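Working notes, structure below.
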There are 2 protein chains.
Amino acid sequence: MSETKDRPYHHGDLRRALIDTALAMLAAEQNWTFTLREVARRAGVSHAAPYKHFRDREMLLRELARIGFIRLGESLSGAMSPNMPSTRAQFMAAAQACIGFACQNPGLYRLMFSSDADKTIDPPLHDAAMSTFGILLGLLERGQRDQSFRPVSVSALAAASWAQVHGLAMLTISHQLLEETVEPEPVLAALDVLLDGMCYTD
Amino acid sequence: MSETKDRPYHHGDLRRALIDTALAMLAAEQNWTFTLREVARRAGVSHAAPYKHFRDREMLLRELARIGFIRLGESLSGAMSPNMPSTRAQFMAAAQACIGFACQNPGLYRLMFSSDADKTIDPPLHDAAMSTFGILLGLLERGQRDQSFRPVSVSALAAASWAQVHGLAMLTISHQLLEETVEPEPVLAALDVLLDGMCYTD
DNA sequence: CACATAAGTTTCTCCTGTAAACATAGAGGG
DNA sequence: CCCTCTATGTTTACAGGAGAAACTTATGTG
């Protein structure tokens with residue numbers, strides 16, 4: 001049921017195909033209009049076919065966002081995997097990975113944090129987001145245990161770093177981070193400023 | 001031409017009325033669907049009337065965003081007006097004002113930073129955003145002159161604080177800032193973490 | 001006072017989301 | 001081996017939005 005070239009009538013795995021098509025569209029366009037009919041069109045099926053797999057348009061969007069959070073989590077874990085010199089360096093790597101992820105998938109990243117991806121009505125999406133957030137929490141707790149980060153409440157550290165990194169990512173993909181400088185300098189410098197407030201001694 | 005109660009045919013100042021109606025809708029709903037026809041309906045005119053004042057839907061959205069930036073700038077200026085003990089305190093007040101503005105106008109705030117409000121094709125909007133951003137820059141430069149903030153490059157300080165405050169605002173209005181604590185504690189604590197990295201001695 | 005024009009309205013086309021009815025392939029029971 | 005059930009398609013239909021075009025009504029100016 002995999003590669004019969006002539007889509008006879010039943011697609012085989014339309015659900016997966018729709019998700020892949022939608023992800024591709026999201027990756028291609030910063031534009032981000034995303035009509036369900038266009039997804040169906042590009043997947044080569046009728047415009048009503050998606051409704052056999054997703055209750056409505058937003059359900060597909062939330063599934064895409066869920067996949068996005070999983071991928072982001074993988075990026076974060078991957079970025080800080082090796083034995084790095086310091087927890088601070090690990091944080092730096094994870095933050096850059098997050099911003100890099102946003103730059104490479106701006107449409108998906110926007111979706112993940114848009115009101116279309118309502119986590120309060122979608123437990124799997126909520127869990128995926130929390131799981132990715134947990135990676136950050138783990139890093140912060142580790143940093144406090146090994147005396148890298150100051151003993152502020154973890155929720156304060158988490159809020160600060162989550163907001164900072166997310167804010168940098170959003171501003172970067174919106175090109176609102178100072179027009180004159182296109183280089184990543186201000187991003188790195190901004191992260192250093194934050195880390196100076198988080199770490200014991202710089 | 002101001003308050004003829006019976007809208008006879010010509011509205012008087014439909015442009016203003018449309019903006020006000022749209023702002024009211026934005027304030028009321030977190031939902032943020034915003035159809036131009038609905039605005040026209042609530043303003044009591046036909047659905048094509050708005051096109052006499054705005055080339056398309058997005059032009060109205062950008063005008064709303066522009067007004068939003070102006071109002072945000074007023075909030076910021078107002079919050080740090082009196083003679084405060086320290087530049088750090090001024091920064092704290094401005095940051096809280098920004099987050100408070102976002103909480104009171106979540107729809108408008110989202111619009112201001114959404115891709116619908118494309119600053120690269122709308123000079124007046126761009127100017128308004130830059131003007132508000134300039135308030136932050138001014139505060140940072142003042143803080144460096146009076147030795148409150150460390151002599152890092154201003155663009156680094158600006159990126160850090162802009163991203164942090166914007167990130168906190170977005171996460172707050174999305175209720176993504178830790179589910180268990182509804183209080184503003186983590187926000188204030190997060191700002192303190194940032195300020196510890198920006199200031200010389202706490 | 002005639003009339004050009006600004007500012008409304010109606011009408012139209014194309015698009016979207018979504019529901020309902022219909023069609024078909026593949027699986028399972030007699 | 002055939003009949004039917006069901007999952008997964010398709011077609012058709014409808015409500016609603018964006019925007020263009022053509023029409024209408026005030027309004028201000030020669």
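The shown structure was predicted, so the numbers you read here are calculated from the model rather than taken from an experiment. Proteins get letters first, then strands, A, B, ... in listed order; numbering begins at 1 in each.
The aromatic rings of B:Y109 and B:H166 sit tilted, their planes meeting at an angle between 30° and 60°.
B:F69 meets the ring-ring contact (aromatic ring centres under 6.0 Å, His included) test with B:F113; sequence neighbours excluded. Here B:D146 pairs with B:T87, B:S148 under the side chain to side chain donor-acceptor pair (under 3.5 Å) rule; sequence neighbours left out. Applying the side chain to side chain donor-acceptor pair (under 3.5 Å) rule to B:S174 yields the partners B:R110; only residues at least two apart in sequence or on another chain are considered.
Near DNA chain C, defined here as any heavy-atom distance below 4.0 Å, the residues from residues 46-53 of chain B are B:S46, B:H47, B:A48, B:A49, B:K52, B:H53, listed numerically.
A 4.5 Å side-chain heavy-atom check between A:V39 and A:F54 finds every atom pair outside the cut-off.
Judged purely by atom type and a 3.5 angstrom limit, B:R62 has no side-chain atom pairing as donor or acceptor with the backbone of B:I121. Judged by distance alone, the side chain of A:R37 and the main-chain N or O of A:H47 form no donor-acceptor pair under 3.5 Å. Using a distance-only test at 3.5 Å, with no hydrogens or angles considered, a donor-acceptor pair links the side chain of A:T172 to the main chain of A:L168.
For A:R16, the CZ atom counts as loosely surrounded, since its 6.0 Å shell holds 12 or fewer non-hydrogen atoms of other residues, nucleotides or ligands.
Per the geometry, CD belonging to B:E58 stands 17 Å off P belonging to D:dG17, to the nearest Å. Protein atom CZ of A:R55 is 14 Å distant from nucleotide atom C1' of C:dG17, rounded to whole Å. One atom, CG of B:D116, and another, C1' of D:dG17, lie 15 Å apart when rounded to the nearest Å. The interatomic distance linking A:F54 (CZ) with D:dA7 (P) rounds to 17 Å, in whole Å.
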Which protein N or O atoms sit under 3.5 Å from an N or O of nucleotides 14-16 of chain C?
unit_1, atom_1, unit_2, atom_2, d
C:dT16, OP2, A:R41, NH2, 2.9

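Rounded to 10°, the helix from C:dC1-D:dG30 to C:dG30-D:dC1 has 10° between the axis fitted to its first five pairs and the one fitted to its last five.
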Next item on the list: Mind running side-chain hydrogen bond (donor to acceptor under 3.5 Å, both in side chains) on B:Q144 and B:R150 for me, showing each step along the way?
Entry: CA-CA 6 Å; B:Q144 279 192 329; B:R150 299 181 190 173; over 6 Å; no
